[in-house]
Amino acid sequence: RFHAGRMYAITGPSGAGKTTMLSLISGLTNPSEGEVLYRGRNLADQDRYHYRSHDIGVVFQSFHLLPGLTVAENIILSMDAAGKRYPSKRERAVALLEQVHLPAAYAHERILHLSGGEQQRVAIARALSTDPHIIVADEPTGNLDMATQEDIMDIFRSMAHDAGRCVIIVTHSPEVAHGCDETFALSPLRQTSRRSAVVRDGVSSIR
């Protein structure tokens, strides 16, 4: 279970299902067994396009920013795709840049002119552009130096604790996991007649 106002880490070895879980949470795929419930209702029975464009924002490991567009244009494109209306989408894009610790002047920069850490911040701003309730991030600090990682984590922490969003981060980093409110450690599923969930040392391990 994931709750608003908290930040979660999902950890585990390769093949444990971390990316699959993010795909399920994001509504990109339906489970072959069981249900994903959002606000008490089966996500498979809901309008998943509306869910993805309004309720959840995704920060991809490889950013998926469009290099031919400026920073502001990348953020505004997300608003347009979701059908969001604001008095000034450009002003909202600039305000979002400030939230992720980038100066307003970056709105006019091309994506390829930015460092990896700056591109990650733009990707977070884009995920926030539709004002989602949930933010999911796939290895958002994987290629960043320690100082940038700490600043990115402060941004995510503010999303959860100050803005009341639910933040879910897939990570291999013990430092990132330690900085979250709760950690779920996934183990590869063994071929058994039933699945069990156990808790050891305060960490939920799902098999």
Side-chain angles (χ1 to χ4, degrees), residues 1-10 17-66 72-100 120-141 152-171 176 180-184 186 204 206:
R1 298 193 179 198
F2 304 96
H3 301 277
R6 291 180 63 78
M7 186 162 68
Y8 299 86
I10 298 175
K18 300 185 300 298
T19 300
T20 299
M21 178 171 281
L22 280 194
S23 295
L24 293 169
I25 293 171
S26 303
L28 295 173
T29 186
N30 282 326
S32 55
E33 297 179 39
E35 299 176 328
V36 178
L37 302 180
Y38 176 61
R39 294 183 171 176
R41 294 176 54 218
N42 189 349
L43 188 57
D45 297 332
Q46 301 184 43
D47 182 343
R48 286 191 291 156
Y49 176 78
H50 185 276
Y51 170 76
R52 291 194 300 269
S53 61
H54 290 75
D55 296 305
I56 193 164
V58 181
V59 181
F60 299 97
Q61 183 175 6
S62 54
F63 311 142
H64 291 320
L65 299 168
L66 299 179
E73 288 168 345
N74 267 273
I75 297 171
I76 291 170
L77 183 62
S78 180
M79 301 182 215
D80 290 340
K84 289 285 187 175
R85 296 182 179 181
Y86 297 101
S88 172
K89 291 180 180 177
R90 182 165 291 275
E91 288 182 6
R92 175 163 175 77
V94 169
L96 288 169
L97 290 179
E98 293 175 355
Q99 287 186 37
V100 297
Q120 184 63 285
R121 296 168 199 274
V122 175
I124 295 171
R126 182 184 59 185
L128 288 170
S129 66
T130 58
D131 198 23
H133 305 294
I134 307 164
I135 292 288
V136 297
D138 190 2
E139 293 285 358
T141 65
I152 294 295
M153 286 299 292
D154 284 341
I155 293 169
F156 282 123
R157 197 171 291 111
S158 178
M159 289 183 202
H161 298 164
D162 299 331
R165 290 184 171 89
C166 175
V167 177
I168 305 169
I169 300 173
V170 159
T171 183
V176 170
C180 293
D181 299 311
E182 189 171 352
T183 297
F184 292 95
L186 302 188
S204 299
I206 302 172

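With contacts defined as side-chain heavy-atom distances shorter than 4.5 Å, the pair Thr171/Glu139 qualifies. By the 4.5 Å heavy-atom criterion applied to side chains, Ile134 and Tyr51 are counted as neighbours. Side-chain contact between Arg92 and Asp131 is present, with at least one heavy-atom pair separated by less than 4.5 Å. A heavy-atom distance below 4.5 Å is not found between the side chains of Val122 and Val100. Residues Ile155 and Gln99 fail the side-chain proximity criterion, which asks for heavy atoms closer than 4.5 Å.
Using modelled atom types, no side-chain atom of Gln120 and backbone atom of Ile152 make a donor-acceptor pair closer than 3.5 Å. Panel note: side chain Lys89, backbone Lys84; a donor-acceptor pair is recorded below 3.5 Å. Between the side chain of Asn74 and the backbone N or O of Leu66 there is at least one donor-acceptor pair closer than 3.5 Å.
Atom OH in Tyr86 sits 6.5 Å away from atom CE in Met79 (nearest 0.5 Å). Taking CD1 from Ile10 and CD1 from Ile169, the interatomic distance works out to 10.0 Å, rounded to the nearest 0.5 Å. Between the CG atom in Asp47 and the OG atom in Ser53 there is a gap of 7.5 Å [rounded to 0.5 Å]. For the atom pair CZ (Phe63) and CG (Asp138), the distance works out to 11.5 Å, reported to the nearest 0.5 Å. Atom CD of Gln46 sits about 9.0 Å away from atom CG of Leu37, to the nearest 0.5 Å.
Within 6.0 Å of atom CD in Glu91, 12 or fewer heavy atoms from other residues, nucleotides or ligands are found, so the atom counts as exposed in its surroundings.
The only option from His54, Met159, Arg165 that meets the side chain to side chain contact (heavy atoms under 4.5 Å, CB included) definition with Pro132 turns out to be Arg165. Each of His3, Arg157, His161 was scored for a side-chain hydrogen bond (donor to acceptor under 3.5 Å, both in side chains) with Asp181, with one residue passing: His161.
Taking the six-membered ring for Trp and thresholds of 30 and 60 degrees, Phe60 and His64 have ring planes more than 60 degrees apart, a perpendicular arrangement.
Considering all non-hydrogen atoms of both residues, Ala81 and Tyr49 come closest at O-OH, 2.7 Å. Of all heavy-atom pairs between Ala93 and Ile75, the closest is CB-CG2, 4.0 Å. Listed here is the closest heavy atom pair of Ala4 and Gly164: CB-O, 3.4 Å. Residues Pro140 and Ala137 come closest through the heavy atom pair CG-CB, 3.8 Å.
Among residues at least two apart or in separate chains, there is no salt bridge (Lys or Arg N to Asp or Glu O under 4.0 Å) pair with a member in residues 17-29.
Residues satisfying the side-chain contact (heavy atoms from CB on, under 4.5 Å) test with Ser78, not counting sequence neighbours, are Arg126, Ser129, Thr130.
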Identify every side-chain donor-acceptor pair in residues 20-30 under 3.5 Å, counting partners at least two apart or on other chains, and give the distances.
residue, atom, partner, partner atom, Å
Ser23, OG, Thr19, O, 3.2
Ser26, OG, Leu22, O, 2.7

